[in-house]
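Worth knowing before you read on, the calculation uses all heavy atoms, side chains too, and leaves out hydrogens, waters and symmetry mates.
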Amino acid sequence: MISETLKSWSEARLTIELVPSSCWYSNVRSNVSASVWNRLKQITSKNAGHRCEICSGRGARWPVECHEIWHYDDETRIQQLCGLVALCPACHEVKHIGLARMRGRGEQALKHLERVNGWTREQAELYIEASFIIWERRSCHAWKLDLGWLDAGVSTEERSDRAR
């Protein structure tokens, strides 16, 4: 059972990406100007055809939201931006399922995770539990922010405008 569960996690289309609490507000949006963030969101959405890059869905109020993809190096404690992806609100909510729970939408996010990945409730709950264990461990440390992925498209001046 455990090996089957681990295999299903590694093949998951939709994953949870809990941001360590020590990294909250340490993101692209807080490090670039509003105009740059809006441009990045528009480009990401357009490149995805205004559809979710995971489930191909669209939201009712707006088609997709821009999600930052992060890699956390647990040895060097570097939070590295790896890209941006267009997600429907339901998939985006799963990525931040802790926030979804705080907003009273945990059950909806859990069901979406099950549906997109073809998982049973038990598989989804185990995955969520494992994700929170990693989150707790990572939240105990300070992280250095690496936004190098943006260097090609965002000037230093645009970044410093937002920092002021």
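Looking at every heavy atom in both residues, Asn27 comes nearest to Trp70 through CA-CZ2, 3.9 Å. Looking at every heavy atom in both residues, Pro89 comes nearest to Gly59 through CD-CA, 3.5 Å. Ile16 approaches Ser131 most closely through the heavy-atom pair CB-OG, 3.8 Å. Counting all heavy atoms, side chain and backbone alike, Trp135 lies closest to Ser21 at NE1-N, 3.5 Å.
The closest donor-acceptor contact from the side chain of Ser45 to the backbone of Gln42 lies at 3.5 Å or more, if one exists at all. With hydrogens and angles ignored, the 3.5 Å screen pairs a side-chain donor or acceptor of Gln79 with a backbone N or O of Ser26. Without hydrogens or angle criteria, Ser22 side chain to Ala142 main chain gives no donor-acceptor distance under 3.5 Å. Thr44 contributes no side-chain N or O that, together with a main-chain N or O of Val85, makes up a donor-acceptor pair within less than 3.5 Å. Looking at Asn117, its side chain does come within 3.5 Å of a backbone N or O of Leu14 through a donor-acceptor pair. Distance alone, capped at 3.5 Å, is enough to place a donor-acceptor pair between the Arg13 side chain and the Ile54 backbone.
Hydrophobic cluster membership differs between Val19 and Met102, with clusters built from Ile, Leu, Val, Met, Phe, Trp and Tyr side chains linked at under 4.5 angstrom. Cluster annotation: Leu84 and Ile69 are assigned to the same hydrophobic cluster (Ile/Leu/Val/Met/Phe/Trp/Tyr, side-chain heavy-atom contacts under 4.5 Å, transitive). Both Trp24 and Leu147 are part of a single hydrophobic cluster, where members link through side-chain heavy atoms under 4.5 Å apart. The cluster map of Ile, Leu, Val, Met, Phe, Trp and Tyr, joined by side-chain heavy atoms under 4.5 Å apart, puts Trp62 and Trp37 in different clusters. Linking ILVMFWY side-chain heavy atoms closer than 4.5 Å, directly or via other members, places Leu87 and Leu110 in a single hydrophobic cluster.
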One pair to check against side chain to side chain contact (heavy atoms under 4.5 Å, CB included): Phe132 and Ile97. What are the steps and the verdict? CA-CA 10 Å; Phe132 273 98; Ile97 200 162; 3.9 Å; yes

Run the side chain to side chain contact (heavy atoms under 4.5 Å, CB included) check on Arg77 and Lys144 step by step: do they pass? CA-CA 6 Å; Arg77 304 254 174 18; Lys144 180 181 176 195; over 6 Å; no

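Remark: Ile128 CD1 to Gln123 CD distance equals 12.0 Å, nearest 0.5 Å. Distance check, rounded to the nearest 0.5 Å: CD1 of Ile133 to CG of Leu18 gives 11.5 Å. Separating the CG atom in Asp73 from the NE2 atom in His71 is a distance of 5.0 Å, to the nearest 0.5 Å. To the nearest 0.5 Å, atom CG of residue Leu113 and atom CD of residue Gln108 are 13.5 Å apart. With values rounded to the nearest 0.5 angstrom, Cys82 atom SG is found 11.5 Å from Glu68 atom CD.
In the model, Ser35 has no side-chain atom that pairs as donor or acceptor with a side-chain atom of Asn38 under 3.5 Å.
Pairs of residues two or more places apart, or lying in two chains, that qualify as ring-ring contact (aromatic ring centres under 6.0 Å, His included) and include a residue from residues 87-116 are His67-His92, His67-His96, His92-His96.
Contacts of Asn47 classified as side-chain hydrogen bond (donor to acceptor under 3.5 Å, both in side chains), with partners at least two apart in sequence or in another chain: none. Under the rule for a side-chain hydrogen bond (donor to acceptor under 3.5 Å, both in side chains), the partners of Glu107 that lie at least two apart in sequence or sit in another chain are Arg121. Annotation: side-chain hydrogen bond (donor to acceptor under 3.5 Å, both in side chains) contacts of Arg58 (sequence neighbours excluded): none. Judged as a side-chain hydrogen bond (donor to acceptor under 3.5 Å, both in side chains), and not counting sequence neighbours, Glu53 has no contacts. Every residue two or more places apart in sequence or in another chain that forms a ring pair (Phe, Tyr, Trp, His ring centres under 6.0 Å) with Trp143 is listed here: Tyr72.
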